[in-house]
Amino acid sequence: MKLLEKVTIGNKTLNNAIAMAPMTRSRADAEGVVSDLTLLYYTQRASAGLIITEAVNISAQALGSPLTPGLYTKEQINAWKKVTKSVHDDGGAIYAQLWHTGRVGHSVDRNGKLPVAPSAVGIKGQQHFTSQGMKDYETPQELTIADIKQIVKDYGQAARNALEAGFDGVELHAAFGYLPNQFLSESANHRTDEYGGSIENRNRFVLQVMQELVNVCGNDKVGIKLSPTVYYNNIENSDPVAQFKPLIEALNDLPLAYIHLMNGVLPLNNHPHYPENAVETFGSISKHLVIANAGFDKDSGEAELKKGIAQIISYGSLFIANPDLPKRFELDAAFNTLDHSTMYGGGEKGYTDYPFLKA
Ligand SMILES: Cc1cc2nc3c(=O)[nH]c(=O)nc-3n(C[C@H](O)[C@H](O)[C@H](O)COP(=O)(O)O)c2cc1C
């Protein structure tokens, strides 16, 4: 089974071709420090060839949701050190997913400060989960050029902190409507300076951040997650192929570890111009190792690997409920049932208490 075969990223060999997809679980403390429960949660899942952590805030400014962890204070870095050591002791590999939420946040959880974004365009028709319940989105503060340059540096510092914390590499969260994805989108980015107004300008921020991450981490230690056909969080493009093809071609020139492509997860009836299969459309033009995501099970993951575009499949919800997912694939064992009510926030229930297969 290809899923259970070793895969190499640079000089790092992964035990299998199964990645744990990044998943926010909102169990850090109010200072963004992960606890020993999080240490246990990731250690339980160390049999994944690669763990990509939940999205981790790169700065206080980046934060959008309560109880999400960070990588910008000593305490945060020290807490992650325990996680990476434990995963490595168990033979696993672990990347930190770097997060700036941009306009997908709310001032009630940002010390009263408005979220920031490429343009002062708020999200409509959705609400945001906050520590004070669901709230309408606010109109974000438009970033200045100086702000943008600072954020690029903040990503670099967070990557430096990630290496200090013992991570094998970092993944830029450029998917699902967060800040990098906002820059890539015509609906969220109305800028007329060098960061907007054309395909090349909308791609600039992501490419500058990726260059910064490579400068800090070196070759084969930086990945990126993209969701070119996900329009959640009011992310729209008149022609996603025209936007993302040059981006992926430009990423081909950087010494990356991988690109992580999330297939569309929403119906495309109202988006007939969006490609049906993002992994095929965009993965086939990447020269990097491709991680395919969204909706895979064992058989469809195996079939995807056989197509020859992706070398790794990432699994999200299956990994929440099945800490020993690779073993279950190997033995064709049944899966535990996912409890949706404990996905975000809370303690060990629905986090570290999903049973392993009996020996
Ligand atoms: C509880 C939960 C939290 C998530 N948080 C993140 C996140 O922090 N970063 C990210 O890139 N994707 C996040 N995702 C999306 C997953 O990484 C993945 O793309 C999605 O679950 C589809 O994969 P699956 O069908 O295997 O679950 C989250 C998904 C879930 C279920």
Side-chain angles (χ1 to χ4, degrees), residues 3 17-28 32 34 38 41-42 45 48-58 62-71 94-102 104-105 128-129 158 170-182 184 206 223-233 235 258-266 277-279 290-302 304 310 312-322 325-326 328-329 335-346 349-352 354:
L3 278 167
I18 301 166
M20 176 176 170
M23 283 178 293
T24 294
R25 304 302 308 275
S26 307
R27 281 163 167 92
V34 294
T38 296
Y41 166 73
Y42 284 115
R45 287 155 182 79
L50 175 65
I51 292 175
I52 305 160
T53 67
E54 62 206 281
V56 183
N57 297 299
I58 59 163
L63 192 136
S65 293
L67 305 182
T68 53
L71 253 174
I94 181 164
Y95 272 46
Q97 192 188 49
L98 301 184
W99 202 20
H100 192 307
T101 58
V104 187
H128 190 66
F129 174 80
V170 297
E171 174 180 288
L172 175 67
H173 191 352
F176 227 71
Y178 295 103
L179 184 71
N181 202 180
Q182 291 157 32
L184 298 173
V206 168
I224 181 169
K225 187 176 183 200
L226 296 166
S227 57
T229 59
V230 174
Y231 52 84
Y232 189 67
N233 283 327
I235 292 297
Y258 64 79
I259 76 166
H260 188 177
L261 287 169
M262 181 181 187
N263 270 326
V265 285
L266 304 169
N277 190 318
V279 172
V290 171
I291 303 182
N293 173 249
F296 288 103
D297 60 16
K298 178 183 153 184
D299 290 342
S300 60
E302 188 67 16
E304 184 66 43
I312 294 177
I313 307 293
S314 76
Y315 294 90
S317 21
L318 272 177
F319 251 118
I320 294 184
N322 300 281
L325 190 63
R328 286 174 197 254
F329 281 173
F335 299 127
N336 296 320
T337 307
L338 176 70
D339 174 10
H340 288 268
S341 71
T342 49
M343 285 213 288
Y344 301 101
K349 187 168 179 308
Y351 193 46
T352 51
Y354 283 106

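Keep in mind that what you see is a predicted model, and the values were worked out from it rather than measured. Start at 1 and go down the list; that is how both ligands and their atoms are numbered. Quick note: residue numbers are just sequence positions, from 1.
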Which residue and heavy atom of the protein sit nearest [atom], plus the separation:
atom                    : value
atom 9 (N) of ligand 1  : Gln97 OE1, 2.9 Å
atom 25 (O) of ligand 1 : Gly295 N, 2.7 Å
atom 8 (O) of ligand 1  : Thr24 OG1, 2.6 Å
atom 2 (C) of ligand 1  : Tyr344 OH, 3.3 Å
atom 14 (N) of ligand 1 : Pro22 O, 3.3 Å
atom 12 (N) of ligand 1 : Lys225 NZ, 3.1 Å
atom 31 (C) of ligand 1 : Met343 SD, 4.0 Å

With no hydrogens and no angle check, do the side chains of Arg25 and Tyr41 hold a donor and an acceptor under 3.5 Å apart? yes
Can you see whether Thr101 engages His173 through a side-chain donor-acceptor pair at a distance of less than 3.5 angstrom? no
Just to verify, which of Val170, Asn57, Thr53 counts as forming a side chain to side chain contact (heavy atoms under 4.5 Å, CB included) with Leu98? Val170
Sole residue of Leu261, Leu172, Asn181 in side chain to side chain contact (heavy atoms under 4.5 Å, CB included) with Leu226: Leu261
Using a 4.5 Å cut-off on heavy atoms from C-beta on, say whether the side chain of [Y] contacts that of [X].
X      : Y      : value
Ser65  : Thr24  : no
Tyr315 : Leu325 : yes
Asn233 : Gln182 : no
Phe296 : Leu3   : no
Phe319 : Ile18  : yes

Do ligand 1 and [X] have nitrogen or oxygen atoms that lie under 3.5 Å from each other?
X      : value
His173 : yes
Leu318 : no
Gly316 : yes

Quick check on contacts: which atoms of ligand 1 are under 4.0 angstrom from a heavy atom of [X]?
X      : value
Met262 : 19 (O)
Ala55  : 8 (O)
Tyr315 : 26 (O)
Ala21  : 17 (O)

Mutual orientation of the aromatic rings belonging to Tyr178 and Phe176 [parallel < 30°, tilted 30-60°, perpendicular > 60°]: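 It falls in the parallel class, under 30°.
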Mark the output for Phe176 as yes if a heavy-atom distance to ligand 1 is under 4.0 Å, and as no if none is.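 Flag not set, Phe176 not near ligand 1.
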Test item, Asn293 contacting ligand 1 (heavy atom, 4.0 angstrom):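 The answer is yes: ligand 1 sits under 4.0 Å from a heavy atom of Asn293.
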Tell me the contacting part of Met23 for ligand 1: side chain, backbone, both, or neither, using a 4.0 Å heavy-atom threshold, strictly below.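 For Met23, backbone and side-chain atoms both sit under 4.0 Å from ligand 1.
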Give, for atom CG of Asn293 and atom NE2 of His260, the distance between the pair rounded to the nearest 0.5 Å.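 Rounded to the nearest 0.5 Å, the CG-NE2 separation comes to 4.0 Å.
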